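A quick write-up on the structure given underneath.
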Amino acid sequence: MDVSERLDKANELKLEGNELFKASKWNEALVSYRTALGYLPPRKPSAEPELVQANSDSPEPSQQPPAGDLAVDAVTDPSDLLDSQCAKARAVLHANIATGQENHDGVVDECSQALSDDPHYVKALQRRATSNERIDTWTSLASAQEDYKLLLELLPPGSVELSQTKKALRSLEPRARAAQEKETAEMMGKLKGLGNTILGMPVFREFNDPSHDG
């Protein structure tokens with residue numbers, strides 16, 4: 001198979017997975033999505049990712065995936081066009097896989113894969129931010145803040161999603177500060193405990209024992 005044929009097969013499997021997802025057959029949908037990824041060429045590590053729009057291709061039951069979803073930015077070189085289409089397909093598949101993950105770490109990982117191919121993929125940013133909020137560590141909350149800030153630049157002015165994102169970002173700021181303070185205090189406590197343990201080792205006790213004349 002050449003790359004074009006592999007892309008066609010991947011999109012066929014993706015649509016199959018979308019139908020399975022809508023039928024609540026998640027395990028079967030996951031197989032279709034992962035099989036589709038196997039047909040696509042790997043991401044080029046040295047190439048800048050194409051900023052393609054893949055936001056309309058979610059498999060969520062409330063939305064019907066469009067039949068023709070390969071619209072990409074204008075590209076003059078045919079090989080660049082194909083690379084852009086493959087990047088979009090990978091991004092959509094990873095975001096679809098993220099939808100049904102059983103844990104938030106899995107959602108974050110899959111959305112990060114999607115965003116490696118399409119950094120402006122709105123639904124992947126939203127899903128990753130939501131899951132990072134649920135993980136609720138200082139690092140994850142800081143990551144959610146960054147995603148929400150980028151979403152503020154990408155979402156249409158006056159949209160409901162923009163208003164929701166602003167609200168989420170405002171509520172996140174005190175949580176991130178609290179998590180930072182808590183984790184910093186815990187780290188300092190552990191360091192203090194480690195220092196006390198080292199200072200209490202026999203070699204130090206012996207050195208500080210007045211009866212020791214060494």
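Quick caveat, the model's predicted, so the values are computed rather than measured.
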CA sep, side-chain torsions, deciding dist, call: V108, D105, side-chain contact (heavy atoms from CB on, under 4.5 Å): CA-CA 5 Å; V108 170; D105 287 325; 5.5 Å; no

Is there a side-chain contact between [X] and [Y] (heavy atoms, below 4.5 Å)?
{"X": "S4", "Y": "Q85", "answer": "no"}
{"X": "L7", "Y": "N11", "answer": "yes"}
{"X": "L37", "Y": "H94", "answer": "yes"}
{"X": "L152", "Y": "K166", "answer": "yes"}
{"X": "L125", "Y": "Y148", "answer": "no"}
{"X": "H120", "Y": "D118", "answer": "yes"}

Would you mind writing out the side-chain donor-acceptor pairs for residues 170-179 within the sub-3.5 Å range, not counting sequence neighbours?
from : atom 1 : to   : atom 2 : distance (Å)
S171 : OG     : K167 : O      : 3.4
S171 : OG     : A168 : O      : 2.9
R175 : NH1    : E133 : OE1    : 2.8
R175 : NH2    : E133 : O      : 3.0
R175 : NH2    : D136 : OD1    : 3.0

Any donor-acceptor N/O pair, [X] side chain to [Y] backbone, under 3.5 Å:
{"X": "T165", "Y": "E161", "answer": "yes"}
{"X": "Y33", "Y": "N18", "answer": "yes"}
{"X": "R90", "Y": "P41", "answer": "yes"}
{"X": "T130", "Y": "Q126", "answer": "yes"}

Rounded to the nearest 0.5 Å, what separates atom [atom1] in [X] from atom [atom2] in [Y]?
{"X": "K9", "Y": "T35", "atom1": "NZ", "atom2": "OG1", "result": "9.0 Å"}
{"X": "R6", "Y": "C86", "atom1": "CZ", "atom2": "SG", "result": "10.0 Å"}
{"X": "K182", "Y": "T184", "atom1": "NZ", "atom2": "OG1", "result": "12.0 Å"}

Same cluster for [X] and [Y] if Ile/Leu/Val/Met/Phe/Trp/Tyr side chains link at under 4.5 Å?
{"X": "L169", "Y": "W138", "value": "no"}
{"X": "L82", "Y": "L93", "value": "yes"}
{"X": "L40", "Y": "V3", "value": "yes"}
{"X": "V122", "Y": "V92", "value": "yes"}
{"X": "F21", "Y": "I97", "value": "yes"}

Residue E5 excluded, over 12 heavy atoms near CD under 6.0 Å: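 Counting neighbours around CD of E5, more than 12 heavy atoms of other residues, nucleotides or ligands fall under 6.0 Å, so yes.
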
Non-hydrogen atoms of R127 and A95 that approach each other most closely: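 Minimum heavy-atom separation between R127 and A95: NH1-O, 3.0 Å.
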
Nearest atoms (heavy-atom pairs only) where A114 meets A91: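 Shortest heavy-atom contact: CB-O, 3.3 Å.
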
